[in-house]
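First up is the structure itself, then whatever we jot down about it.
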Protein chains: 2
Amino acid sequence: MAIAIAASSEVCYVWRMPRKTDARANAIATAQRLFRIQGYTATGLTQIIAESGAPKGSFYFHFPRGKAQLAEEAIDHYVASRIAVLRNISADTAGDARKFIRQIFRTFAAEMVASDFQYGCLMQNLANELPALDAELTKRVARGFVDSTEVIAQHFRGCGFSPAHASSAASALVAALEGARTIARLERAPSVFKALAEVSVQRCSPPEQG
Amino acid sequence: MAIAIAASSEVCYVWRMPRKTDARANAIATAQRLFRIQGYTATGLTQIIAESGAPKGSFYFHFPRGKAQLAEEAIDHYVASRIAVLRNISADTAGDARKFIRQIFRTFAAEMVASDFQYGCLMQNLANELPALDAELTKRVARGFVDSTEVIAQHFRGCGFSPAHASSAASALVAALEGARTIARLERAPSVFKALAEVSVQRCSPPEQG
DNA sequence: GCCATACTATGGTGATCACCATAGAAGGGC
DNA sequence: GCCCTTCTATGGTGATCACCATAGTATGGC
């Protein structure tokens, strides 16, 4: 097959060699971790490469567009896993908005405790450094929030919320989660998640709920 | 007066020369603005000095401890003005929790619109770069949140909330405000403030409120 | 065995980082 | 008029930044 393809000059590596190392995946995972802890600008490529253990010089082979490309792939990875978590919680609490909200706050709080309050949200960290980001990266961050919000709104609609109400409630919940992360990191305590969970849950309990 | 004071050797500049320039205040204001837009690490001293218009070389005369000291003074300034704003709103809406909350969201949203969604919260930006901050600066950021929260809690107590309820409601409100800022910057629209205001207000309206 | 591809390895690019040493100018106290 | 203090001005420090040029190794197709 290589012959047939080699003749076509357009695409030159279609046949994929068996993956030899996981240097690329390691770099993305390390970048995601460090960006979450330190932020985008404060994290140097030197540190990412060093901590990823992967060979140093080959970085621009895997990421020819450099740091920006690495961040793009890191955020894609992050958003995908965050959405997967939300979908799981949604499935576990189908039709029950209060249980859904409580479970989300509990899950996020647990994640922060597990990291000893070191990890922030990758999307939030990038959002706070917008001028350092190129257009493509900014778009992905914004899209990450939109997609996350949509998963939550979908669950609320499944609880009988009107589409408009579901959207605004989802938007409020996402914002509350982001804010809680900031506070929790400073307080090194998950109490703010508890406070916000109560506030958010009370909202959908009153008689006129629908 | 200068004679009498000059005799005391302990303090050597009590008598204050007439302030010749406002280079120092300019540097703090410029730092605050840039830190809010770009973040702490991403903002270089070079840029601060250049944009502040003040003379370049004299920076370490005014801020002998360098960037960290500048950030400390910037955040002190920021926290003080934020608390003043909250106190004003509190006084204008005494005894009315719902009005208080709505007015806060409206004020913060207006500030974001006025800056064309460029300004983040200085405390939040610093909180997201904790590893780059020294202990003193971290302490001031944390204290800024505690003090802001206390102003809000105080208002809630004045509305008849129990102390515990007032504290957790205030904590939730602060977190919601921070999260809303992040989202609003990306969406370049204040709608998330509106959504959160509705959610937060509904909480204190149901029959059992107290 | 040969070659193309996949990946590693080294060393260095100019630019920018925070920071500082040193010296000069401006102005009031005496 | 001299001095001390406040403030300005210049130029450069070593370190680190993202990025890249070049060469070497490993592996599978043929």
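Naming convention: chains lettered A, B, ... in sequence-line order (proteins, then strands); numbering from 1 in each chain. Bear in mind that the values here come from a model prediction, so they are computed numbers and not experimental data.
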>> Please check if the number of heavy atoms outside A:R157 that lie under 6.0 Å from its CZ is greater than 12.
In response: yes
>> Measure CZ/A:F61 against C1'/C:dT8 and give the value in whole Å, please.
In response: 10 Å
> Between D:dC17 atom P and A:I48 atom CD1, what is the distance in whole Å?
Replying inline: 10 Å
>> Please report the distance, rounded to the nearest Å, between CG in B:L34 and C1' in C:dA18.
In response: 16 Å
> Rounded to whole angstroms, how far apart are NZ on A:K67 and P on D:dT16?
Replying inline: 15 Å
> How is A:T41 classified with respect to the nucleic acid when contacts are heavy atoms under 4.0 Å: base, sugar-phosphate, or nothing?
Replying inline: nothing
> In whole angstroms, how far is the P atom of C:dA9 from the CZ atom of A:F59?
Replying inline: 16 Å
>> Could you tell me how far apart A:N26 (CG) and C:dC7 (C1') are, to the nearest whole angstrom?
In response: 14 Å
> Roughly, in whole Å, what's the span from CD in B:Q69 to C1' in C:dA18?
Replying inline: 14 Å
>> So, does B:Y60 get its side chain near the phosphate of C:dC20, meaning an N or O under 4.0 Å from OP1 or OP2?
In response: no
> For A:H62 and C:dA6, is the shortest distance between a side-chain N/O and OP1 or OP2 below 4.0 Å?
Replying inline: no
>> Can you see whether B:Q124 engages B:T182 through a side-chain donor-acceptor pair at a distance of less than 3.5 angstrom?
In response: yes
>> Between A:E111 and A:R36 (salt bridge meaning N to carboxylate O under 4.0 Å), is one present in this structure?
In response: yes
> In terms of side-chain geometry, is the basic nitrogen of B:K194 or B:E187 positioned less than 4.0 Å from the acidic oxygen of its partner?
Replying inline: no
>> Without decimals, in angstroms, what is the distance between A:I49 CD1 and C:dG11 P?
In response: 16 Å
